[in-house]
Amino acid sequence: MRKRIIEVPLRLIELEKSNYHIMLDVVFEDGTIGMWIVDTGASKTVADSAIEKYVVKMDSELTSIESMGIGNTKIESKAGVIPSLFLGTTCICDTHVVIIDLSAVNEQYQKFTNQTISGLVGSDFLVAHKAIIDYKKLKINLFV
């Protein structure tokens with residue numbers, strides 16, 4: 001299959017004055033929308049344990065892995081794959097994720113916005129899809 005470039009809209013969320021996150025809406029196979037932080041500093045793409053039902057394929061060798069948060073805090077995590085993740089109308093098949101509890105992140109978000117975070121798009125995904133983030137247009141281009 002030939003690869004192509006898709007352009008996906010981003011949202012800029014101001015958490016505090018001059019503190020921003022860029023967000024990406026994803027759609028799961030059943031039509032549920034999830035909001036993901038585009039985190040260029042995260043090495044892996046992360047899914048919240050609250051949406052673990054969409055991770056239908058677990059690699060038995062990687063079922064339980066050790067992850068590190070900021071400040072060398074160990075985080076209990078599992079590895080898996082989301083078979084169908086849609087950006088607009090484009091399916092991103094077999095997205096590898098690390099599943100962690102993002103409830104602490106969501107508690108912080110509730111202080112500034114009514115959004116719930118269901119994942120983080122990490123640099124593994126961004127590099128694999130040759131992402132180009134355009135802050136002026138609030139778009140991300142991905143090679144899929």
Say whether I5 and V121 are linked into one hydrophobic cluster, either directly or through other cluster members, by side-chain heavy-atom distances under 4.5 angstrom. no

Between H96 and V81 (side chain of the first, backbone of the second, donor and acceptor by atom type, cut-off under 3.5 Å), is there such a pair? no

Any side-chain heavy-atom pair from Y135 and L10 closer than 4.5 angstrom? no

When hydrophobic residues are tied together by side-chain contacts of less than 4.5 Å, even through go-betweens, does I22 share a cluster with L85? yes

Taking C93's backbone N and O only, do any of them form a donor-acceptor pair with S84's side chain (distance below 3.5 Å, no angle check)? no

Do E16 and F112 have side chains that approach each other closer than 4.5 Å (heavy atoms only, starting at C-beta)? yes

Sub-3.5 Å donor-acceptor pair from the side chain of D39 to the main-chain atoms of G122, do we have one? no

Does the S118 side chain pair with the main chain of D48, one donor and one acceptor, at a distance under 3.5 Å? no

Min side-chain heavy-atom separation L87-V144 under 4.5 Å: no

Answer yes when K137 and E7 have at least one side-chain N-carboxylate O distance shorter than 4.0 Å, and no when they do not. no

Is any side-chain heavy atom of V38 less than 4.5 Å from a side-chain heavy atom of L126? yes

Are I6 and I82 connected in a single hydrophobic cluster, I mean Ile/Leu/Val/Met/Phe/Trp/Tyr linked by side-chain heavy atoms less than 4.5 Å apart? yes

For residues T40 and I133, determine if any side-chain heavy atom of one lies less than 4.5 Å from a side-chain heavy atom of the other. yes

Is the closest side-chain heavy-atom distance between I100 and S49 below 4.5 Å? no

Short question: side chain of D134, backbone of K139 - any donor-acceptor pair under 3.5 Å? no

Would you check if there is a donor-acceptor pair between the side chains of T116 and N106 at a distance under 3.5 Å? no

Tell me, please, which residues at least two apart from H21 pass ring pair (Phe, Tyr, Trp, His ring centres under 6.0 Å). Y109

Tell me if a side-chain donor or acceptor on N141 pairs with a main-chain N or O of I132 at a distance below 3.5 Å. no

Measure the shortest side-chain to side-chain distance between H129 and I140 over non-hydrogen atoms and say whether it is less than 4.5 angstrom. no

